[in-house]
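Source: prediction; values computed, not measured. One-based numbering along the sequence shown.
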Amino acid sequence: MTSEIPVPHPAPTHSVADDVLGILCGTVVVSIGLFLLRAGGVVTGGTAGLTLLLDYATPVPFGVLFLVINLPFFLLAIRSKGWGFVLRSALAIALVSVFATFHALPGIGVLGEISLNPFYAAVIGSFISAVGVIILFRHGASMGGFNIVGLILQDKLGWRAGYTMMVGDAAVVLASFAIAEWPIVAASATGVVIMNLIIAFNHRPGRYVAVTARRSSARG
């Protein structure tokens, strides 16, 4: 009796259309999650959290702040992740900035200005944002900032991106003590744990290995 040797299957590939649709879906989902977090007055982690902190304290539009804060992290990503990842991430950040701003525009945005219970906003907003981030990860993009650091360490050291991101996110939440009362900080911390646990359990080495298809220069 002979034992069967499993035959490895090649990694599935994403077409350009797959990535375009995936990034569009991911950015819409993330922008709604961030809108809910902002409506509850809570802070999330990463550059989105830093942006929310500044958004509460300055009159500069969220979208503008979000773009500016993310720029330095792309220098780190260019060498480690390549230009394709950087350009897709830049597109994702730009789209989230536009969508998040649009949601809240008075008289234009469908959602408008609303106020939510902080713990509800933290839990539901973090669930939604985490799903959007996972979609972006699986299409070779990110939301910049700690997302980039987490993905690089996952690729090089095998550390789950969600756990790595949680460390940086915790620092951002602690910084929110400067402008928020402890119930808001507690709600923010709850949201950060929820978001990063969802990412850690659903995006880890070997769990999803699809890659973007590349055109071959060979002619058949």
Side-chain angles (χ1 to χ4, degrees), residues 21-70 73 88-139 141-147 162 165-166 168-169 172-173 175-176 179-181 183-199 202:
L21 182 59
I23 290 172
L24 181 61
C25 290
T27 51
V28 169
V29 173
V30 170
S31 70
I32 293 174
L34 290 178
F35 174 85
L36 295 178
L37 291 168
R38 185 174 182 271
V42 298
V43 177
T44 186
T47 51
L50 290 174
T51 304
L52 285 172
L53 283 175
L54 293 175
D55 182 59
Y56 298 143
T58 69
V60 182
F62 177 90
V64 175
L65 289 171
F66 195 40
L67 285 171
V68 172
I69 290 174
N70 270 290
F73 289 92
R88 287 191 292 272
S89 296
L91 174 62
I93 290 169
L95 288 174
V96 168
S97 299
V98 171
F99 293 148
T101 300
F102 174 77
H103 294 325
L105 287 176
I108 300 177
V110 176
L111 299 176
E113 289 289 346
I114 62 174
S115 180
L116 297 175
N117 175 279
F119 279 93
Y120 173 86
V123 172
I124 303 302
S126 295
F127 264 102
I128 294 173
S129 296
V131 172
V133 169
I134 291 169
I135 293 173
L136 293 175
F137 281 0
R138 293 182 175 181
H139 288 275
S142 75
M143 289 306 301
F146 299 152
N147 281 191
M165 289 159 52
M166 193 180 297
D169 292 349
V172 174
V173 171
S176 68
I179 64 169
E181 300 294 333
I184 297 296
V185 177
S188 301
T190 300
V192 162
V193 171
I194 289 173
M195 181 182 298
N196 286 293
L197 283 178
I198 292 172
I199 293 172
N202 289 279

With rounding to the nearest 0.5 Å, note down the distance linking [atom1] in [X] to [atom2] in [Y].
X    : Y    : atom1 : atom2 : answer
I135 : N202 : CD1   : CG    : 11.0 Å
R138 : I23  : CZ    : CD1   : 15.0 Å
I194 : S129 : CD1   : OG    : 11.5 Å
L36  : Y120 : CG    : OH    : 7.0 Å

So do the side chains of V60 and L54 get within less than 4.5 Å of each other, counting heavy atoms only?
->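 Not in contact.
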Between the main-chain N or O of L24 and the side-chain N or O of T27, is there a donor-acceptor pair closer than 3.5 Å?
->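 Confirmed, T27 side chain pairs with L24 backbone.
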Is it true that a side-chain atom of S142 and a backbone atom of S89 form a donor plus acceptor pair closer than 3.5 Å?
->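 No: the side chain of S142 does not pair with the backbone of S89.
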Applying the side-chain contact (heavy atoms from CB on, under 4.5 Å) test to V193, which of T190, L197, N196 qualifies?
->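 With V193 as partner, side-chain contact (heavy atoms from CB on, under 4.5 Å) holds for just one option, L197.
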Go through L116 and I124 one step at a time and tell me if the side chain to side chain contact (heavy atoms under 4.5 Å, CB included) criterion holds.
-> CA-CA 11 Å; L116 297 175; I124 303 302; over 6 Å; no
Of all heavy-atom pairs between [X] and [Y], which one has the smallest distance, and what is that distance?
X    : Y    : answer
M143 : V96  : CE-CG2, 3.6 Å
S126 : L37  : OG-CD2, 4.0 Å
A187 : F119 : CA-CE2, 3.7 Å
G41  : I184 : O-CG2, 3.3 Å

